[in-house]
Amino acid sequence: MPSIISASELTHAFGKGHLKKSVLCNVTLTLNPGEVVILEGPSGSGKTTLLTLLGALRSVQSGSLNAFGHELLGAKRSRLRQTRSQIGYIFQHHNLLTCLSAWENVSAALRLHPQIAKREYRARSVAILNAVGLSDKIDAYPDNLSGGQKQRVAIARALVSHPKLVLADEPTSSLDSQSGRDVVDIMQRLAREDGTTVLLVTHDNRILDVADRILHMEDGKLHK
Ligand code: ADP
Ligand code: MG
């Protein structure tokens with residue numbers, strides 16, 4: 001089966017001239033269909049930078065990055081946009097819009113998919129909110145949800161379009177240990193059901209057991 005992501009010798013720096021700071025150094029990795037991979041490493045080691053590159057949220061500077069069979073080095077904006085629409089993102093802070101209800105926040109992610117009819121938005125959103133255990137919070141606003149519930153809405157938003165790849169950047173770091181556990185268990189279960197690949201950045205060694213594989217990052221270098 002072809003890989004979901006295949007990165008080779010990815011190198012990335014911020015800034016220019018004498019302020020140039022190297023952040024990623026010759027990172028090579030492959031993500032296969034259906035696997036849950038944890039990426040851990042100290043703060044500042046380059047984990048978020050790597051995730052944003054893999055997620056086509058940043059342009060590749062050097063090396064090769066193949067996502068879903070397409071090279072992203074030198075790719076056009078339309079290709080980057082197309083790649084982003086195939087990925088579900090979950091961030092440290094849920095980033096929900098407070099003026100939208102739970103289902104409206106989830107359905108916002110469907111707008112990237114013109115083939116999905118608007119009249120299906122609510123049913124699809126409700127189905128995935130049920131799957132993350134929020135059947136009684138469909139019409140609730142973020143201000144009336146706990147931290148764990150908000151993060152579960154963010155998971156639902158990332159998964160509602162059934163992406164092939166989910167990138168999660170420290171999704172449990174603002175949660176108590178039980179809510180954090182629940183959130184990763186839900187991610188793992190839904191990913192298994194859908195055959196989704198998950199790359200999960202975490203500092204939290206209580207959740208390492210969800211991984212099929214653990215990668216360590218240090219000073220911009222990846223250690224298996
Ligand atoms: P991590 O997620 O592992 O904590 P990051 O990828 O966020 O690491 O950051 C890696 C390094 O790159 C840090 O030294 C950080 O200060 C720097 N960095 C991150 N984003 C930027 C940016 N937009 N401009 C300049 N430096 C940045
Ligand atoms: Mg980070």
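For ligands, and for the atoms within them, numbers begin at 1 and follow the listed sequence. Hydrogens, waters and symmetry mates play no part in the numbers below; they use all other heavy atoms, side chains included.
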Margin query: Looking at N105 and S101, would you say the former's side chain and the latter's main chain have a donor-acceptor pair under 3.5 Å?
Written below: yes
Notebook entry, point to check: Any idea which protein heavy atom is nearest atom 7 (O) of ligand 1, and the distance to it?
Noted result: T48 CB, 3.6 Å
Margin query: Which residue and atom name correspond to the protein heavy atom nearest atom 12 (O) of ligand 1, and how close is it?
Written below: V23 CG2, 3.3 Å
Margin query: For atom 22 (C) of ligand 1, is there a protein heavy atom at a distance under 4.0 Å?
Written below: yes
Next item on the list: May I ask you to say whether R192 pairs ionically with D212, meaning some side-chain N is under 4.0 Å from a carboxylate O?
Entry: yes
Next item on the list: Considering only NZ, NE, NH1 and NH2 on the basic side and carboxylate oxygens on the acidic side, decide whether R206 and D204 come within less than 4.0 Å.
Entry: yes
Checklist line | Nearest neighbour in protein (non-hydrogen) for atom 4 (O) of ligand 1 | finding: G44 N, 2.7 Å
Note to self: Regarding atom 13 (C) of ligand 1: of the candidates H12, R58, K21, which has the closest heavy atom?
What the structure shows: K21
Next item on the list: For the pair E71 (side chain) and L73 (backbone), establish whether a donor and an acceptor sit closer than 3.5 Å, ignoring hydrogens and angles.
Entry: yes
Margin query: Please list, in number order, the atoms of ligand 1 under 4.0 Å from a heavy atom of P42.
Written below: 3 (O)
Item checked: Residue and atom name of the nearest protein heavy atom (relative to atom 5 (P) of ligand 1), distance in Å to one decimal -> T49 OG1, 3.7 Å
Next item on the list: Answer with yes or no whether the side chains of D169 and T48 bring together a donor and an acceptor at under 3.5 Å.
Entry: yes
Check: Any N/O/S atom, backbone or side chain, of T48 lying under 2.8 Å from the Mg ion (ligand 2)?
Finding: yes
Note to self: Does atom CZ (R111) have a neighbourhood of more than 12 heavy atoms from anything else shown, all under 6.0 Å?
What the structure shows: no
Check: What is the closest protein heavy atom to atom 19 (C) of ligand 1, and at what distance does it sit?
Finding: F14 CE1, 3.5 Å
Checklist line | Closest protein heavy atom (residue, atom, distance) for atom 3 (O) of ligand 1 | finding: K47 NZ, 2.8 Å
Notebook entry, point to check: How many angstroms lie between CD in E35 and CG in L199, if you round to the nearest 0.5 Å?
Noted result: 9.0 Å
Check: When you measure from atom 8 (O) of ligand 1 to every protein heavy atom, which one gives the shortest distance, and what is it?
Finding: G46 N, 3.2 Å
Margin query: Closer than 4.0 angstrom, basic N to acidic O: yes or no for D194 and R189?
Written below: no
